[in-house]
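These notes concern the structure reproduced below.
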Amino acid sequence: MIKIRCVVERITYQNPENGYSVLKCRVKDYSDLVTVVGNLLDANVGAVLIVEGNWKVDPKYGRQFAAENWQETLPATVYGMEKYLGSGLIRGVGPKFAKKIVQRFGTDTFTVIEDNVELLVEIDGIGSKRIAMIAESWQKQKEVKNIMLFLQEHQVSTSFAAKIYRQYGNKSIPVMKENPYRLADDIWGIGFKTADGIAEKLGFEKESYVRLRSGLMYTLSELSDEGNVYADKRQLIDKAVKLLEASEGTVAATMDDMLRKKELIPERELVKYNDEGVPVDPVYLPPFYFAEIGVASKLRKLAAAPATDRLYTGLLKARQERGDDSLSVDISAVEKKTGMVYDEIQADAIRRSAMAKVMVLTGGPGTGKTTTVHGIISVYKSFGLRILCAAPTGRAAKRMTEAAGLEAVTIHRLLECKPPEGYGKNEEDPLEGDVLIVDECSMIDIILMNSLLKAIPPSMRLILVGDIDQLPSVGAGNVLRDVIDSGAFQVVRLTRIFRQAQTSRIIMNAHRINEGKLPEINNGKGSDFFFIEKEDPEEVVSRIVKLVKTDLPGYYGIDPSQIQVLTPMQRGVVGATNLNMALQEALNPAECEVFIRGRGKVLMPKECLRRSGFAFREGDKVMQIRNNYDKEVYNGDIGIIDAVSETDRTLRVTFDGRSIEYDVTELDELVHAYATTIHKSQGSEYPIVVMPVLMNHYVMLQRNLIYTGITRAKKVMVMIGTRKALACAINNVTVTKRNTMLKERLT
């Protein structure tokens, strides 16, 4: 193989899924930039690489150097040093300061930063604060480089180096050598397979205890990511044996040891049978076990304890005095006060709420959930009850505030989330109020519900509102459905579609789909529901870009940012990842026009930060994909990047008016959100939704998925794809069953 030394000038293309990259590099004795291709995902602009490989001629792109192996090294030339420092790898140094520093110190630049960093004060514009930033970043970068070299030696992707350093600091390499599986336990984004790759290169045996233990934990975590609260013991062993390629005996023995150490918890009290009538043998990760036990226990106790507010005690006394348990509030008086007319089911919900301790209100779009909640709030207010309102996400809380006329907050904010200690509100310091109304409850997983119930005092009422036909929570559990199916609490299901809602094709078609019928599509001028027939995935992508960029904004007079593309899947041609690339290129390209005196309008590259093959620019729509309690941003929150600094290697994102800073090493918590999966859209509402439905999405095509996507659209819904795929989804009512025992615990 041939070996070349090169400086990365720019990154033309990167595929984050397989690492394939196209780099334009400066190579000695070559006047033009050399195209280097291969798995170079972790290479940065300004990096000096020693690359082994061979020349090849691509019929379309010409002569290229195909990399087989590569490693990064510090540059030795003045040019390389300037490029390296100006790349943004060192915080506090951008292209401007890099040029000044290298002009002043020449080839001694790195020695000065390493040994006499205070000499940088000689550079105009660099003060003591910036010098401290540069020194800290240089030292950190050195340690990260050592970790990268360690990972490279063991043929493992170096993209995790900064995360590993942030977790373990200077102890990173000793930790990895002692037990690389700790990475999977301690660091978000590093899974078992990455840790296993390092362990294999370090010589860990396939059936070593630490490997089998980590593999079992990983298998349970994977099952919880699919929504399961527990795993059947047989299911867990089979999956772990397949993953680990180990004998069933050693896997079972490891599991038994973990059960003895209480790293896993078995179910010993309840018996549950599978569809074949065979008893299952549940095994839990401790957090899920204690959360499920906690939710069941606290809900039962809450329902059994009497309220202490004036409405409850007054009605209870009146019922006892008159011997009439049906006595409740006067609905005609409520209608007079609110100016609304309630049907019999809504009236029943309001009457029941007067005495209910735990009550569920469920129903689809247009069935009057908001109107009913208004009536319930009106009753509570007239008797002086202190009302708290909450929802799982910021957007859902905002919608609830607008609809209910009372301020609603996220559940995390209600519970006063205080990382890393946990929640400020709990059994010791409970919530203060008489009633808590929680909207979008289908989104609440078992862990969050347990935290919420811990903070509710016995005398408080709890009203759960949600659409049972939507997708279940992203996290483990199926809380709303289990609570309803248990029959242990009062449930009111609204079914009538109100007249004003019947004018909306979106609402009527959502109900048709829920009933297993095809939607009515006439694409008329006054309609709010459209279907565009297209089968070729590439054509669908092009049409979606055109719809979002020009057609819909032009027709409805709105900004493209008000349009949300929702898709069933993350991967594939019409998956969220590829759609985001296409939409970013169309709506927020890499270059913008700038007016320069004497030159007129010229195209200039926008500042951007790269991570895992993605470029983040000012103006990009992005989504947070994990709960970050330090930043107070949560999985599914959508924001706009309002500032990017290549010099400081940071960017700022505005989420609902709050500006949050991210370091470049934290960007794997963000994904572009021009398009997002339907699962991630729960609890949100958008003026216009564009949704592809193709047979490419076959494995994900389910009735409740399409129903959830349609009910996200507030004003206009545009579906694009094939009627065959749509029919396929509507006919698929196989709701993926989740392993939970909450229903059994409640009954």
Side-chain angles (χ1 to χ4, degrees), residues 15-20 39-42 68-71 144 146-168 171-226 228 231 233-259 261 263-264 283 285-287 476 570-571 612-613 625-626 665 668-669:
N15 184 324
E17 290 186 13
N18 60 24
Y20 181 79
N39 192 332
L40 299 129
L41 185 61
D42 310 313
E68 293 289 332
N69 303 304
W70 66 280
Q71 65 182 55
V144 171
N146 289 336
I147 299 167
M148 288 176 79
L149 288 170
F150 175 83
L151 295 173
Q152 277 181 350
E153 282 169 22
H154 297 94
Q155 290 90 53
V156 177
S157 170
T158 61
S159 59
F160 305 111
K163 276 190 166 190
I164 295 169
Y165 176 77
R166 199 160 65 235
Q167 180 71 27
Y168 305 119
K171 295 178 183 173
S172 297
I173 292 173
V175 164
M176 285 190 283
K177 284 181 176 176
E178 182 191 346
N179 181 6
Y181 295 102
R182 275 187 62 184
L183 302 177
D185 294 339
D186 298 343
I187 303 173
W188 182 84
I190 296 184
F192 168 79
K193 290 179 181 176
T194 300
D196 200 37
I198 298 170
E200 185 185 357
K201 302 296 188 301
L202 289 171
F204 279 71
E205 294 292 329
K206 266 201 168 187
E207 299 207 345
S208 64
Y209 179 82
V210 288
R211 180 173 187 267
L212 297 180
R213 177 193 171 279
S214 185
L216 280 161
M217 290 295 227
Y218 170 76
T219 305
L220 266 172
S221 295
E222 287 277 284
L223 287 165
S224 71
D225 288 345
E226 292 167 15
N228 299 298
K233 197 171 184 180
R234 180 73 260 162
Q235 173 193 27
L236 180 55
I237 290 172
D238 289 346
K239 277 184 171 284
V241 165
K242 190 175 178 182
L243 169 78
L244 296 162
E245 297 176 345
S247 69
E248 186 176 312
T250 55
V251 170
T254 304
M255 186 193 297
D256 289 340
D257 189 63
M258 293 170 75
L259 287 164
K261 291 176 179 174
E263 292 180 320
L264 302 177
V283 177
L285 287 169
Q570 189 67 42
R571 296 186 175 186
S612 303
I625 57 168
R626 71 171 288 227
T665 60
D668 55 355
E669 294 186 17

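The basis for the numbers below is simple: all heavy atoms, side chains too, and nothing from hydrogens, waters or symmetry mates.
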Please check if the side chain of [X] supplies one atom and the backbone of [Y] the other of a donor-acceptor pair under 3.5 Å.
X: Ser214; Y: Val210; result: no
X: Glu207; Y: Ser247; result: yes
X: Arg211; Y: Lys206; result: yes

Parallel, tilted or perpendicular, as decided by the 30° and 60° cut-offs, for the rings of Phe192 and Tyr181: parallel
Could you check whether any side-chain heavy atom of [X] comes within less than 4.5 Å of a side-chain heavy atom of [Y], counting everything from C-beta outward?
X: Thr250; Y: Leu244; answer: no
X: Asp668; Y: Arg626; answer: no
X: Leu183; Y: Thr194; answer: no
X: Lys242; Y: Thr219; answer: no
X: Val175; Y: Gln167; answer: no

Residue pair Asp196 / Tyr218, side-chain donor-acceptor N/O under 3.5 Å: no
Pro180 versus Ala195, closest heavy-atom pair with distance: O-CB, 3.4 Å
Option passing salt bridge (charged side-chain N to carboxylate O under 4.0 Å, His left out) with Asp256 (candidates Lys233, Arg213, Lys261): Lys233
CD (Glu263) with more than 12 external heavy atoms under 6.0 Å: yes
